[in-house]
Number of protein chains: 2
Amino acid sequence: MQLNQATDYSFRIVLYLSSLAPGEIATAKTIAQREEIPMRYLLKTIRSLVKAGIVRSYRGMEGGFALAKNPKDITLLDVVEAVEGPVRINRCLKDHEYCTKHWVKPCPVHRVLGGIQATLIRELGGHNFADLLAR
Amino acid sequence: MQLNQATDYSFRIVLYLSSLAPGEIATAKTIAQREEIPMRYLLKTIRSLVKAGIVRSYRGMEGGFALAKNPKDITLLDVVEAVEGPVRINRCLKDHEYCTKHWVKPCPVHRVLGGIQATLIRELGGHNFADLLAR
DNA sequence: GCAAACTATACCGTTAGAGTATAGATTAAT
DNA sequence: ATTAATCTATACTCTAACGGTATAGTTTGC
């Protein structure tokens, strides 16, 4: 029931990139040092953000990373899903095989957890990085 | 970001025990069969519920398990915490070592996640097993 | 005292998490 | 064209957690 380390790093990566001037790009090395993330691990982790279209990468000399869109349009949920995949707080909400034992309809546990998950998703989706930076 | 299998089993164990007549007790075998939980695993898992004061156990012949209190007074949160310990959606909310890199005050990520965690805890604590059963 | 139940430990196999390593591709500057 | 800085791809390692099983022990009712 915990976001993993890569997700936490990713929050900080995106937050840092959000603080850059428009057009400015940062190297992996810079980000790693600033945010105290192991360099190699950052390089691996940031790939998910690139693939998800949150971060843009520039190769070669003078290369680096920058946000692919406005911080206002990136939410915590976007980052979580980029790194960990869809938010599912219980197995039975992922694989239906796991649920509905001897209940004809979805069991009460299932339904209530579904509601809680929806709330969680709504909350994560309700915070963008422009707001975060402003606080 | 997912509740584990033991927690899910525990929800169903408590839900089943909630459905029993007052004073009635169920053996591990019965619960295991009804809820399709591996017997040995159930015996191990249910210990957390006993230790947390959610379930009472009766040893010896005619022994078994029953709720230690009214279903109305047991929430999803109680069960989650009994099995997994305190809810912490991010490392930085558990060990402060992990947070506050070069921020003087707690970083914005920290603060927002703290709020989301509080919501989650409130939601989990807002559903008791009497309600669940009634649905 | 025996059998049916729970209790306590410890063990096992698999998977995910966190991080490292190595080789390759791209680009700018020279 | 060469070189050096940079990202990309893949694969590897180590550890801990997860999910489950096993064995031996204790309690209790008959």
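A note on names: the letters A, B, ... follow the listed sequences, proteins ahead of strands, and every chain is numbered from 1.
Whole-Å rounding puts the B:Ile37 CD1 to D:dT21 C1' distance at 16 Å. Atom CD in A:Glu62 sits roughly 13 Å away from atom C1' in C:dT26 (whole-Å rounding). The nearest whole Å value for the distance from the CZ atom in A:Arg56 to the P atom in D:dT8 is 11 Å. Taking atom OH of A:Tyr41 as the reference point, atom P of C:dG17 lies 8 Å away to the nearest angstrom. Nucleotide C:dA5 holds its P atom 11 Å from the CD atom of B:Gln33, rounded to whole Å. Computed from coordinates, the A:Met1 CE to D:dA17 C1' distance equals 17 Å when rounded to whole Å. Rounded to whole Å, the distance from CG on A:Leu49 to P on D:dT8 is 12 Å. What separates OH of A:Tyr58 from C1' of D:dC7 is a distance of 13 Å, to the nearest Å.
Candidate nucleotides D:dT27, D:dG19, C:dA18 were compared by shortest atom distance to the side chain of B:Arg91, and C:dA18 ranks first. The nucleotide whose nearest atom lies closest to any side-chain atom of B:Thr27 is, among C:dA28, C:dA5, D:dG20, C:dA5. Nearest nucleotide to the side chain of A:Pro38, out of D:dT21, D:dA9, C:dG19: C:dG19. Nearest nucleotide to the B:Ala28 side chain, out of C:dC6, D:dA22, D:dT8: C:dC6. Between C:dA18, C:dC6, D:dT28, one nucleotide has an atom nearer to the side chain of B:Phe65 than all others, and that is C:dC6.
Both B:Arg40 and A:Gly64 lie close to DNA chain D; mapped to their nearest nucleotides by heavy-atom distance, the more 5′-ward contact belongs to A:Gly64. Each of B:Met39 and A:Leu43 was assigned the nucleotide of DNA chain D with the nearest heavy atom; the assignment lying further toward the 5' end belongs to A:Leu43.
Looking only at distances, no side-chain donor or acceptor of B:Gln2 sits under 3.5 Å from a matching main-chain atom of A:Asn90.
The side chain of A:Tyr9 contributes an N or O atom lying less than 4.0 Å from OP1 or OP2 of C:dG19. For B:Arg47, no side-chain nitrogen or oxygen approaches OP1 or OP2 of C:dC6 to under 4.0 Å.
Counting any heavy atom pair closer than 4.0 Å across all strands shown, B:Gly60 reaches a base atom. Base contact: A:Lys44 has a heavy atom under 4.0 Å from a base atom.
For the residue pair A:Gln5/B:Arg91, the side-chain donor-acceptor check at 3.5 Å is satisfied.
Here the shortest heavy-atom pairing between B:Glu36 and B:Tyr9 reads O-CE2, 4.5 Å.
Relative orientation of the B:Phe129 and B:Phe11 rings is tilted, given thresholds of 30° and 60° on the angle between their planes.
One donor-acceptor pair, N or O on each side, does fall under 3.5 Å between the base of D:dT26 and the side chain of B:Arg59.
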Exercise answer: donor-acceptor pairs, residues 59-85 of chain B side-chain atoms, under 3.5 Å, sequence neighbours excluded:
| unit_1 | atom_1 | unit_2 | atom_2 | d |
| --- | --- | --- | --- | --- |
| B:Asn70 | OD1 | B:Lys72 | N | 2.9 |
| B:Thr75 | OG1 | B:Leu77 | N | 3.3 |
| B:Thr75 | OG1 | B:Asp78 | N | 3.1 |
| B:Thr75 | OG1 | B:Asp78 | OD2 | 3.2 |
| B:Asp78 | OD2 | B:Thr75 | N | 2.8 |
| B:Glu84 | OE2 | B:Asn4 | N | 3.0 |
| B:Glu84 | OE2 | B:Thr7 | OG1 | 2.6 |

